[in-house]
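Note that these values count all heavy atoms, side chains included, but never hydrogens, waters or copies made by symmetry.
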Amino acid sequence: MRCIYIYWGHKSIMKPSAILCFLAVFLWAAVCHAQEKPYFVTYSHDLEEPDNLEIALKTTQATPKYGNFFTGATLELEYGAKGWWTTEVYLSGQHTSNDSTIFTGYRWENRFRPLLHDHFINPVLYFEYENLSRADRSLLEVTGHDSVADLRLTNAQGRFETERSLEMKLILSSNAKGWNISENFVVEKDLNESEPWEFGYALGVSRPLALAASGKPCVFCRENFSAGAELYGGLGDLDGFGLKATSHYLAPAVAFNIPRGPTVSFSPGFGLNANSVGVIYRVKVSYELQQISGWFRRGSR
């Protein structure tokens, strides 16, 4: 198996590395893939199946106005601890053109679903601890007064300033006639500085291109694709709640669930005001490994 370059114009977005090659070989051996919605920022009420592990690589690429082109990369390890509890670890880094490549930090996320059966509205409670430098470019959420100016910092300016924060979300999600509609309200508090509580939102709607499976095996059948859109942005903070001096994005998204293979998702996010980046390109590749505890039990025999 070969590691590949991904190019955007004449620029190399992602360089091959030994770690990514090893990860790709390991994942390609998996026999199961994640059937998931095309969202990058919005969360639905879906949790990981108990004892399943999803491994994903998520990237962001953008060129902020008056700034350098950057690529952010986040490795995600999502485990289904219980039917009502999913826990996840994120490791993030980034490369900025005419600058450097750095590791920017980690997140630990936990999602809890209080109502296990499907209802008209399905709530999920989300708690995440973040330990990230200001040079982070993963852009997994937008809160407070986040703006394009934050992305103009050089790595030397941002890498040594670490932000430790607690992020909470109320996730509300509904399924109707094949459609999913999800709403997220985000609250974030910086733990190492006396800054006010920050707020944000994310809205998502999506649907498979076909609800019924075709009668024969097919890779490019419509049921293997899902499409949708997200709207997300900041809502200011406790000292100034609202849309003033905030950034917002509208992002169509598509996901391709390759049979017995990975899920590949793509989304261009378009900034809606002067505080936003013009376009953010997102790509995600994810694999789901089933019942991983059984692997270790078999290995110990």
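Considering CG of D150 and CG of D136, their distance stands at 11.0 Å, rounded to 0.5 Å. To the nearest 0.5 angstrom, E88 atom CD is 9.5 Å from L53 atom CG. The CD atom of E193 lies 4.5 Å from the CD atom of E195; values are rounded to the nearest 0.5 Å. Taken to the nearest 0.5 Å, the CG atom of L151 stands 10.5 Å off from the CZ atom of R134. Atoms CZ and CD, on R111 and E48 in that order, are 8.5 Å from each other to the nearest 0.5 Å. Here the OG-NZ distance, from S276 to K65, works out to 12.0 Å after rounding to the nearest 0.5 Å.
Grouping the Ile, Leu, Val, Met, Phe, Trp and Tyr side chains by contacts below 4.5 angstrom, directly or via other members, places L289 with Y79. In terms of hydrophobic clustering, with Ile, Leu, Val, Met, Phe, Trp and Tyr side chains grouped at heavy-atom distances under 4.5 Å, I292 and I55 are assigned to a common cluster. Tracing side-chain contacts under 4.5 Å through hydrophobic residues (I, L, V, M, F, W, Y), one never reaches V89 starting from F40; they form parts of separate clusters. Linking ILVMFWY residues whenever their side-chain heavy atoms come closer than 4.5 Å, directly or via other members, places L166 and Y201 in the same cluster. Clustering ILVMFWY residues whenever any of their side-chain heavy atoms sit less than 4.5 angstrom apart, transitively, puts Y43 in a cluster other than the one holding V41.
Residues Y126 and V186 have side chains not in contact (no heavy-atom distance under 4.5 Å, counting atoms from C-beta outward). Counting heavy atoms from C-beta outward, Q94 and N155 have side chains that approach closer than 4.5 Å. Counting only heavy atoms from C-beta outward, the side chains of V264 and K284 never approach each other to under 4.5 Å. Counting heavy atoms from C-beta on, the side chains of E198 and D190 never come closer than 4.5 Å. In this structure, H45 and L115 have side chains that are not in contact, with every pair of non-hydrogen atoms separated by 4.5 Å or more. Side-chain atoms of L243 and H248, non-hydrogen and from C-beta on, do get closer than 4.5 Å to each other. You'll find the side chain of P38 stays beyond 4.5 Å of the side chain of S267, heavy atoms only. Counting heavy atoms from C-beta on, the side chains of E223 and P208 never come closer than 4.5 Å.
At distances below 3.5 Å, at least one donor-acceptor pair connects side-chain atoms of N275 with backbone N or O atoms of T246. The backbone N or O of S173 sits less than 3.5 Å from a side-chain atom of N122, completing a donor-acceptor pair. In this structure, E230 contributes its side chain and Y39 its backbone to no donor-acceptor pair below 3.5 Å. Checked by atom type and distance alone, the side chain of N184 never pairs as donor or acceptor with a backbone atom of K169 at under 3.5 Å. With hydrogens and angles ignored, the 3.5 Å screen pairs no side-chain donor or acceptor of D237 with any backbone N or O of G144.
The two residues I102 and A135 have their closest heavy-atom pair at CD1-CB, 3.6 Å. When all heavy atoms are compared, the tightest approach of S138 to S92 is CB-OG, 4.0 Å. Looking at every heavy atom in both residues, L209 comes nearest to A227 through CD2-CB, 4.2 Å. Residues K58 and L140 approach most closely at CD-CD2, 3.7 Å, considering heavy atoms. The nearest pair of heavy atoms linking P259 to C218 is CG-O, 3.7 Å. Between P64 and V148 the shortest heavy-atom distance is CB-CG2, 3.6 Å.
Inspection of the N180 and S182 side chains reveals an N or O donor paired with an N or O acceptor under 3.5 Å. If you check the side chains of D99 and T154, you find no donor sitting under 3.5 Å from an acceptor. Counted by atom type alone, N110 and E128 present zero donor-acceptor pairs between their side chains at under 3.5 Å.
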In sequence, state the C-alpha distance, the side-chain angles, and the governing distance for V285 and T263, and then conclude on side-chain contact (heavy atoms from CB on, under 4.5 Å).
CA-CA 6 Å; V285 181; T263 295; over 6 Å; no

Does the side-chain contact (heavy atoms from CB on, under 4.5 Å) test come out yes or no for Y281 and V283, once each step is laid out?
CA-CA 7 Å; Y281 296 97; V283 177; 5.9 Å; no

Determine whether D146 and L139 satisfy the following criterion, side-chain contact (heavy atoms from CB on, under 4.5 Å), listing intermediate values before the conclusion.
CA-CA 10 Å; D146 292 348; L139 305 178; over 6 Å; no

Take T60 and F70, measure what side-chain contact (heavy atoms from CB on, under 4.5 Å) needs, and give me the verdict at the end.
CA-CA 8 Å; T60 56; F70 68 80; 4.1 Å; yes

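In R152, the CZ atom is crowded: over 12 heavy atoms of neighbouring residues, nucleotides or ligands sit closer than 6.0 Å. Atom CD of E183 is surrounded by more than 12 heavy atoms from other residues, nucleotides or ligands within 6.0 Å.
A salt bridge links R113 and D118; the closest N-O separation between the charged side-chain nitrogens and carboxylate oxygens is under 4.0 Å.
Using bins of under 30°, 30° to 60° and over 60° for the plane-to-plane angle, the ring pair F199/F241 lands in the perpendicular bin.
Sorted by first and then second residue, the pairs that involve residues 213-239 and meet ring-ring contact (aromatic ring centres under 6.0 Å, His included), not counting sequence neighbours, are F220-F256, F225-F256, Y232-Y249.
Applying the salt bridge (charged side-chain N to carboxylate O under 4.0 Å, His left out) test to E141 and every residue at least two apart in sequence or in another chain returns R107.
V205 belongs to a hydrophobic cluster whose other members, connected by ILVMFWY side-chain contacts under 4.5 Å either directly or through intermediates, are W179, I181.
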